[in-house]
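Structure record follows, encoded as structure tokens.
Since we're looking at a predicted model, the values are computed, not measured.
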Amino acid sequence: MITLDRLVNVLGGYGVRLCGRPEARSAWLRSVAMPDATDRPAAGDLLLAVGTTSIAEAVRWAAASRATAVLVRPAGSGADVERDAAALGDRHGVAVLLADPAVSWSQLAGVVYGLVLESRETASGRGPTDLFALADSLADVIGGAVTIEDRHSRVLAYSRSQQAGDPARLETILARRVPDRLRELFQQRGVFTRLAAADEPVFVPADAAHGLTGRMAVAARAGRELLGWVWVTCERPLTGARLRALADGGRTVALHLLRSRASADLERQVESDLVIRLLEGSSDAETVISRLGLAPQPMRVIAVRAHTSDRHAALLLAFEQATTGFGWSRPGRSALLGDTLYTIMPAERADAARQWITALHRELPAQVRVAAGISAPAEVAELPAARQEADECLALHESAGPGAVPPAYDESWDDILLRRLRAAARTGRTPARGPVSTLLRHDTIHGTRFVATLRAWLMSQGDLAVAAEQLGVHPNTVRNRLRKMDELVPLDLNDGRKRLAMVIMLAAVEDEPRH
């Protein structure tokens, strides 16, 4: 079961477009049908109009089937065809999806059936709803409370039964992941190591200090790849039919997770391709934004890098987390480009983007460090420039100290400008024989403080008292230093252009950004 909106956005990668009836995007699709050879109307929320290229006939079939939407491969294309399809759909109350005739029905049917029947969504995000049914079934057979988790110990499903439940299980379900203290306990006991190495269920003795009754766990594995685990509460190790049921349940869960991941990967590929087109300057940006399910409004670009001992793995984890949860109702759309995760999202305030970054970081392993940069709000056509802004803010954050807040371009443009100036200075692109360069060399050789004095005087706009207070000296000392500097090299402090040039030069050679 998925929404028509999500189906349309995924099928957009195959050239499918929705004509009219935007209000139908929120409709849920639970079943798929194709025309029957008999005269009986096919029953299904989405009708695949196989056997006709006529939009009018496809819409009549869908109306007779009481379908929410119909997918048809029309004989022609163009604005007139889309306008006629929208009109027919409005007349009969059916959302019309037009497919590119170059895409085969077998391809379209494969994607549609996979998404509607296998890629069901739950309130907790992506994941087949029948995992909950499977958890309930296992709980009934085994007689304990069942929890299904992914390989990162995040909860995917759990049984309704609280039979033999305990405080640790309740805490895990409420947090949607195993608490760190329990993970440490399992690691100390070698539980994860044994689960990763064997297909047989593993028994975990009770631990009253951690609110934990006895448990048995089994790995959900596809070949050699560990996808997750199934936990069931029990006072003593399971035997006989109950043990076999748990082992079979692990294999069944693995099949569900494989199907779910295949569907999620398809969505991620489509989403990532569309986001990259926007960041690189798509000529039809408004259309791409619509296919991503976002309104054409100002967006911010967020650039994220994840740092750990295995940087590539950390980045993939961040991308998986950014594209997981609540399907297309997520606030942002993401893509991986090189060593950076980019996310575009509507956000008038930079704090909304920072909250998203904080939530992303919270879901990653504790040892992963996250650096991020946020662009200023940009129109859809300006997203390539916003990407550059986000990159520069990311570099600024990476060079900042621990605990620094991810900078946003509209708040930190001055620091970005100074960073650019310093980069130019390091490449030798600033004058080597001007007043500031001469004073720098003099300070280095003679231990004077001419550059600091000039900076204080310029920043105080010529107020000797303010400059002296900043330097911790008497105003006459500032006046004497200015006179000696002018004897060493002409400063022309009465010339506004030269004062501006010296301010810029001083900013370019400043060691650290000012705060």
Side-chain angles (χ1 to χ4, degrees), residues 1-122 126 128-130 133 259-260 262-263 266-267 270 290-291 293 327-329:
M1 179 176 64
I2 64 168
T3 61
L4 177 63
D5 177 70
R6 181 174 160 205
L7 180 70
V8 169
N9 282 300
V10 173
L11 288 179
Y14 295 83
V16 175
R17 54 213 181 275
L18 174 65
C19 298
R21 294 189 62 76
E23 69 279 4
R25 281 182 173 267
S26 61
W28 287 96
L29 304 178
R30 298 171 177 82
S31 56
V32 183
M34 286 191 287
D36 200 314
T38 67
D39 292 333
R40 295 191 303 272
D45 294 328
L46 174 65
L47 181 70
L48 306 184
V50 180
T52 184
T53 59
S54 166
I55 298 173
E57 185 174 26
V59 170
R60 286 198 301 273
W61 288 354
S65 302
R66 296 184 179 180
T68 301
V70 61
L71 178 62
V72 59
R73 292 171 59 207
S77 61
D80 291 341
V81 172
E82 295 187 15
R83 186 165 52 249
D84 292 344
L88 284 166
D90 287 340
R91 189 180 311 153
H92 292 275
V94 176
V96 181
L97 282 69
L98 298 184
D100 187 336
V103 182
S104 69
W105 271 118
S106 60
Q107 282 183 293
L108 292 170
V111 174
V112 168
Y113 275 99
L115 286 172
V116 175
L117 301 184
E118 302 291 350
S119 182
R120 301 180 177 98
E121 281 189 330
T122 71
R126 284 194 180 96
T129 54
D130 43 7
R259 289 201 302 266
S260 177
S263 172
L266 172 63
E267 288 187 56
V270 172
S290 176
R291 285 173 59 182
W328 288 89
S329 63

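Across Val96, Leu48, Val59, a single residue satisfies side-chain contact (heavy atoms from CB on, under 4.5 Å) together with Val72, and that is Val96. With Val16 as the fixed residue, the side-chain contact (heavy atoms from CB on, under 4.5 Å) test singles out one of Leu108, Leu98, Val8: Leu108.
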Decide yes or no on salt bridge (Lys or Arg N to Asp or Glu O under 4.0 Å) for Arg25 and Glu23, but give the supporting numbers first. CA-CA 5 Å; Arg25 281 182 173 267; Glu23 69 279 4; over 6 Å; no

Could you check Val112 against Leu29 for side-chain contact (heavy atoms from CB on, under 4.5 Å), going step by step and ending with a plain yes or no? CA-CA 10 Å; Val112 168; Leu29 304 178; over 6 Å; no

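Asp45 places a side-chain N or O within donor-acceptor distance of the main-chain N or O of Arg30, the cut-off being under 3.5 Å. With hydrogens and angles disregarded, no donor-acceptor distance shorter than 3.5 Å links the side chain of Thr53 to the backbone of Arg73.
Closest approach of Leu4 to Ala69, counting heavy atoms only: CD1-CB, 4.1 Å. Counting all heavy atoms, side chain and backbone alike, Val50 lies closest to Trp61 at O-CZ3, 3.8 Å. The nearest pair of heavy atoms linking Pro101 to Pro74 is CG-O, 3.5 Å. Ala62 and Leu47 get closest at one heavy-atom pair: N-CD2, 3.5 Å. Summarising the geometry of Val70 relative to Ala58, their closest heavy-atom pair is CG2-O, 3.7 Å, with the distance given to 0.1 Å.
Atom CG in Leu71 sits 8.0 Å away from atom CG in Leu7 (nearest 0.5 Å).
For Arg60, there are no salt bridge (Lys or Arg N to Asp or Glu O under 4.0 Å) partners two or more places apart in sequence or in a different chain.
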